Number of protein chains: 2
Amino acid sequence: MAFMIAQRAFIKLYLITMVEEHRGYGYEMLENMKERFKSFGYSPPQSEIYRALHELVHEGVFYRTKQLKGNDPKVDFQEIVIYHFTDDGREKAKLYKKQVKTDLDRCIGMLTKAEADNYN
Amino acid sequence: MAFMIAQRAFIKLYLITMVEEHRGYGYEMLENMKERFKSFGYSPPQSEIYRALHELVHEGVFYRTKQLKGNDPKVDFQEIVIYHFTDDGREKAKLYKKQVKTDLDRCIGMLTKAEADNYN
DNA sequence: GGATGAACAATCTGTTCATGG
DNA sequence: CCATGAACAGATTGTTCATCC
């Protein structure tokens with residue numbers, strides 16, 4: 001058993017939730033996470049977001065489509081990659097989230113214990 | 001800023017507290033931590049304990065003395081390494097613990113937030 | 001600046017090996 | 001088995017570079 005939850009798993013958890021909510025593409029999700037954790041002084045590195053996305057694709061949870069960001073190609077040629085659940089991806093994701101939940105609880109327990117054990 | 005607290009820091013925290021309480025040597029502290037976290041399925045690896053101890057010595061927090069485990073050399077020749085605070089080690093340790101406390105709080109906050117954000 | 005991807009280097013961690021009583 | 005230490009291999013991570021619009 002590992003010590004703490006890995007950053008990778010933590011990010012995957014958020015990515016899955018964001019895809020559930022149809023927030024689509026990498027860069028946007030990166031900015032979203034940065035904003036959420038700004039007050040914690042944590043800024044997920046860009047590379048980790050993409051690695052996590054690639055892994056989820058590789059694991060058969062997501063598949064990718066490409067589209068232009070703007071609806072009118074004349075206006076914006078920026079191509080973005082959108083992620084969607086595969087047929088059994090939703091089920092896989094559900095299971096994954098369940099496992100992560102267990103791990104989150106375990107980590108919170110250990111950290112709380114450490115505070116109790118080491119500070120008055 | 002790193003994502004989560006490092007295992008190294010977590011272990012150092014416990015080592016400092018244990019030395020404060022005059023629980024002396026590496027192997028014993030290892031067993032102690034294993035026992036404490038057994039229910040969490042976490043078993044700190046032996047190498048990490050020693051690395052953490054070496055670092056604390058290197059950082060000038062601890063110094064080492066050697067002694068035989070049994071008081072009677074005829075009974076037990078097992079040599080053990082005892083750790084003590086250096087002159088300014090106590091102060092350094094206090095500061096270190098303070099920093100770790102901040103980090104523990106931060107981590108608990110992030111993990112709790114993750115549960116709130118990703119589960120119902 | 002927005003968006004994606006890959007390469008690279010550093011760090012951290014887990015397992016194994018080595019030594020001795 | 002108790003006790004310490006080091007070596008080694010692998011995984012994770014952070015920074016940087018590359019590319020395109």
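The basis for the numbers below is simple: all heavy atoms, side chains too, and nothing from hydrogens, waters or symmetry mates. Each chain gets a letter, A, B and so on, in the order the sequences are listed, and its residues count up from 1. Because the structure is predicted, anything quoted here is derived from the model rather than measured.
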Mind calculating the distance between [atom1] ([X]) and [atom2] ([N]) to the nearest angstrom?
X: A/I49; N: C/dG2; atom1: CD1; atom2: C1'; answer: 15 Å
X: A/I5; N: C/dT13; atom1: CD1; atom2: P; answer: 15 Å
X: A/F10; N: D/dG14; atom1: CZ; atom2: P; answer: 13 Å
X: A/Y83; N: C/dA3; atom1: OH; atom2: C1'; answer: 11 Å
X: B/L53; N: D/dA3; atom1: CG; atom2: C1'; answer: 12 Å
X: B/E48; N: C/dT11; atom1: CD; atom2: P; answer: 15 Å
X: A/F62; N: C/dT4; atom1: CZ; atom2: P; answer: 14 Å
X: B/R51; N: D/dA6; atom1: CZ; atom2: C1'; answer: 9 Å

Of the listed nucleotides ([options]), which one gets closest to any side-chain atom of [X]?
X: A/H54; options: D/dG14, C/dA6, C/dT13; answer: C/dA6
X: A/P45; options: D/dT15, D/dC8, C/dG5; answer: D/dT15
X: A/Q46; options: C/dT4, D/dT4, C/dG14; answer: C/dT4

[X] side-chain N/O to [N] phosphate OP1/OP2 under 4.0 Å:
X: B/Y27; N: D/dT4; answer: no
X: A/R64; N: C/dG5; answer: yes
X: B/Y25; N: D/dA3; answer: yes
X: A/Y50; N: C/dT4; answer: yes
X: A/Q7; N: D/dG14; answer: yes

- Task: Kindly state whether the ring of A/F10 and the ring of A/F37 have centres lying under 6.0 angstrom apart.
- Result: yes
- Lys/Arg-Asp/Glu bridge criterion (N-O < 4.0 Å) met for B/K97, B/E20: yes
- Distance only, no hydrogens: is a donor on one side chain within 3.5 Å (strictly under) of an acceptor on the other, for B/Q7 and B/Y42? yes
- Message: Side chains of A/S47 and A/R51: any donor to acceptor distance under 3.5 Å?
- Response: yes
- Query: Donor-acceptor pair under 3.5 Å: do we get one between B/E79's side chain and the base of C/dG20?
  - Reply: no
- Which residue, B/E55 or B/S47, contacts DNA chain C at a nucleotide closer to its 5' end, judged by nearest heavy atom? B/E55
- Task: Under 4.0 Å between any heavy atoms, over every strand shown, what does A/E28 touch: base, sugar-phosphate, or nothing? Just pick one.
- Result: nothing
- Query: Nearest 0.5 Å, what's the CD-CE distance between B/E48 and B/M33?
  - Reply: 10.5 Å
